[in-house]
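The block underneath contains the structure these notes are about, expressed in structure tokens.
Reminder, nothing fancy here: chain letters follow the sequence lines and each chain counts from 1. All of these numbers come straight from a predicted model, not from anything done at the bench.
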Number of protein chains: 2
Amino acid sequence: MRKRRTLAMNLDVVAQKAGVSTSTVSRVLNNLEIVKTSTRSRVLKAAEELNYHPNLHARSLARGKSRILGIIVSNMENPFFLDIYRTLESDAHSQGLEVVVANTDYRSEQLVASVQLMIGLRVAGLAVIVSEMEEHLIQTVAGSRIPVAFYDVGTPQKNITNIRVDYRKGIKKTVSYLSSLGHRRMAFVGHHSTLGPISERRKTFLESVHRCSPSADARIFAGPDGLEGGRQAARELLESGFRPTAVLCVNDFMAVGVMRELREEGLQIPRDVSVTGFDNIKLAEFCSPSLTTNHIPREQIGHIIFDNILGNGREQHDTGREIVIDPELVVRDSTGVAVKS
Amino acid sequence: MRKRRTLAMNLDVVAQKAGVSTSTVSRVLNNLEIVKTSTRSRVLKAAEELNYHPNLHARSLARGKSRILGIIVSNMENPFFLDIYRTLESDAHSQGLEVVVANTDYRSEQLVASVQLMIGLRVAGLAVIVSEMEEHLIQTVAGSRIPVAFYDVGTPQKNITNIRVDYRKGIKKTVSYLSSLGHRRMAFVGHHSTLGPISERRKTFLESVHRCSPSADARIFAGPDGLEGGRQAARELLESGFRPTAVLCVNDFMAVGVMRELREEGLQIPRDVSVTGFDNIKLAEFCSPSLTTNHIPREQIGHIIFDNILGNGREQHDTGREIVIDPELVVRDSTGVAVKS
DNA sequence: GCGATTTTTGCAAACGCTTGCAATGCAGAA
DNA sequence: TTCTGCATTGCAAGCGTTTGCAAAAATCGC
């Protein structure tokens, strides 16, 4: 035969069973109130009995849009992203939107694929939470007519909404705090994403150290993101012979990894060496010693992102703005006065 | 006018620009090799210039299926789920499938919504990784013609594929290990999901303790899942006046929370009290003291789930089977011989 | 150079839904 | 009773793809 006739379930089957037209079924399922109550319940019964589930693809296609919020993150494992994700998810659900997430794992082909997926899905809005992105790809997204907000995308762009944290400020504050405790030999531990914001952070670190005390020593170490990466970076640090009295880490996860390694090598924290992080994830409070870190308000960031994508009322779509969030230093037990060396 | 004419981008626009028919464009974009090379490149150029992205909804609709693997998990934050997720994701990508995740946050309305979403999306396969699910909902999924595998769904069902971990075995082994260290007063810390497998775990715990030593004391405590929940359960434990020499926790996260609280109350681990967990997440190795726990092979589980959903070649769709994985005790520094009391 | 193949392309129906408009039914008004 | 008006329902086009079949174009044999 020319055309396959599917045996699949669809509106027509339900309509037939309920003895009404397709359109009526559609109207019932979408809660349009122009349907007589008796018809309505008949339709619902039929749908129920047939175990019918509307095809969302067909629906999106017919409507010309979907009720889906897309989220792209580079590392699901990082609780920092997870917190933003959760906020976005709950905001979305409260507006009746479903959520789909794509994880890029810091791989750029995967980022491209995720962007394709989201555009292909014609998502109602898109949050891009990856710290680096090629100019070209940014423009692809921006040109897609999908309301989008970026978090901390590397280079500032003209016509996109970008929310970012002022890491410079956080680093400066942390360095000057450590400096005030007498530290004069400090290390910075970052991860391998060296482009964009990260490299700015390194630079800021070095500058801050020298500004606080021109004679101070500063060095940079790096490993993959995560606990293990922190550990690895710490090992490198130890092997390098550089003996900092304070280690400033780019995030809490790495900081915990660093602490673990240092302690295993017999160093005491904060007696022998102070350690700080960024983010203030739950673990920062639960590890031991508890971690001095820079709090970054993830919930607030999540809400801001959402409002900028799909916020009702507010001046959304006000493309091209940049929103800057300040971190706040939270002092705990992993930092103390510098040892004399 | 009767029908709106959209200004959206679609195959026809590309076709026009390239001077070919829609079908040809479609064939080019799908890499069907029956297209002349010169035509092909002309089409690709047009698509590129127009910044065209195929509408996946239309595609899925026309094809009658999507290239999406759906994953439903109850708690993204738990690294245990995250590890399974990552394995599934990488397996999926290696087969050219995209992935969408839905997080239920242990809430049953959210589970229902997620299932609706996945069925509505006509996903190519579905992994359901939530520890509890209503019989009714399970049957909805099973009846949806979508290849599906469940992980650790509460009650064993006849016609579904279920992968589960034999927690009974793990608990027994752990209890007998602790017993061999002289522990006679033990607590079990679970989380509030008290239905299904969890309650079985409690029961197993109590039985095991009494089997190892009929005179032993055993009590159950609980809190919400997670670090904070563990802490909370530990606080309850301390307030109860029950002074166990060993605490067996339902997962590592809770165990770390428990340790933290106990230590803050001045107890030393393992000198005053031993603590064990389940899962063997990264953190178990990085916390201090490092945690004795039951290793559960998440990667292996992920692969098994995937193979059972979309595995090629193997006897997939062999509905109704149950696959059981055994945990393995990993002894670290959080357990030791019992103190005399 | 001409018909017979073999590629390569185009046509148009179908996928399952929404929705503007028209048709129907039924109420009350005249 | 007939007409008007409103509440319901049905009709059918259109959303952007894919794909079976047929038409057209290119290639080949002689």
Side chains of S23(B) and S26(B) only: does a donor on one sit below 3.5 Å from an acceptor on the other?
no
Between L61(A) and R40(A), whichever has its closest DNA chain D nucleotide further toward 5' is R40(A)
Counting only side-chain N and O atoms of N30(B), is one of them less than 4.0 Å from OP1 or OP2 of dT18(D)? yes
When rounded to whole Å, the CG to C1' distance for the pair L32(B) and dT17(D) reads 13 Å
Hey, is the side chain of R27(A) pairing donor to acceptor with the base of dG10(D) inside 3.5 Å?
yes
Considering only heavy side-chain atoms of K36(A), the closest of dT17(D), dT8(D), dC17(C) is dT8(D)
Per atom distances to the N10(A) side chain, the nearest of dT19(D), dC17(C), dG10(C) is dC17(C)
Winner on side-chain proximity to R63(B), out of dT18(C), dT19(D), dG16(D), is dT19(D)
Separation of dC15(D) atom C1' from L11(B) atom CG, nearest Å, is 12 Å
Taking only side-chain nitrogens and oxygens of S26(A), does any of them come within less than 4.0 Å of OP1 or OP2 of dT18(C)? yes
Exercise. Considering only NZ, NE, NH1 and NH2 on the basic side and carboxylate oxygens on the acidic side, decide whether E49(A) and K17(A) come within less than 4.0 Å.
Key: yes
Of D307(A), N308(A), I301(A), the one forming a side chain to side chain contact (heavy atoms under 4.5 Å, CB included) with I305(A) is I301(A)
Closer than 4.0 Å, any side-chain N/O of T24(A) to the OP1 or OP2 of dG10(D)?
yes
For R40(A), the salt bridge (Lys or Arg N to Asp or Glu O under 4.0 Å) test, sequence neighbours excluded, returns none
Requested in this report: Return no unless some side-chain N or O of T39(A) is found under 4.0 Å from OP1 or OP2 of dT8(D).
Outcome: no
Taken to the nearest whole Å, CG/N55(B) to C1'/dG14(D) is 14 Å
Judged by nearest nucleotide, the residue sitting upstream toward the 5' end of DNA chain C, G19(B) or S23(A), is G19(B)
Sorted by chain and residue number, the salt bridge (Lys or Arg N to Asp or Glu O under 4.0 Å) partners of R42(A) (sequence neighbours excluded) come out as none
Looking only at dC17(C), dT17(D), dG10(C), the nucleotide nearest the R122(A) side chain is dT17(D)
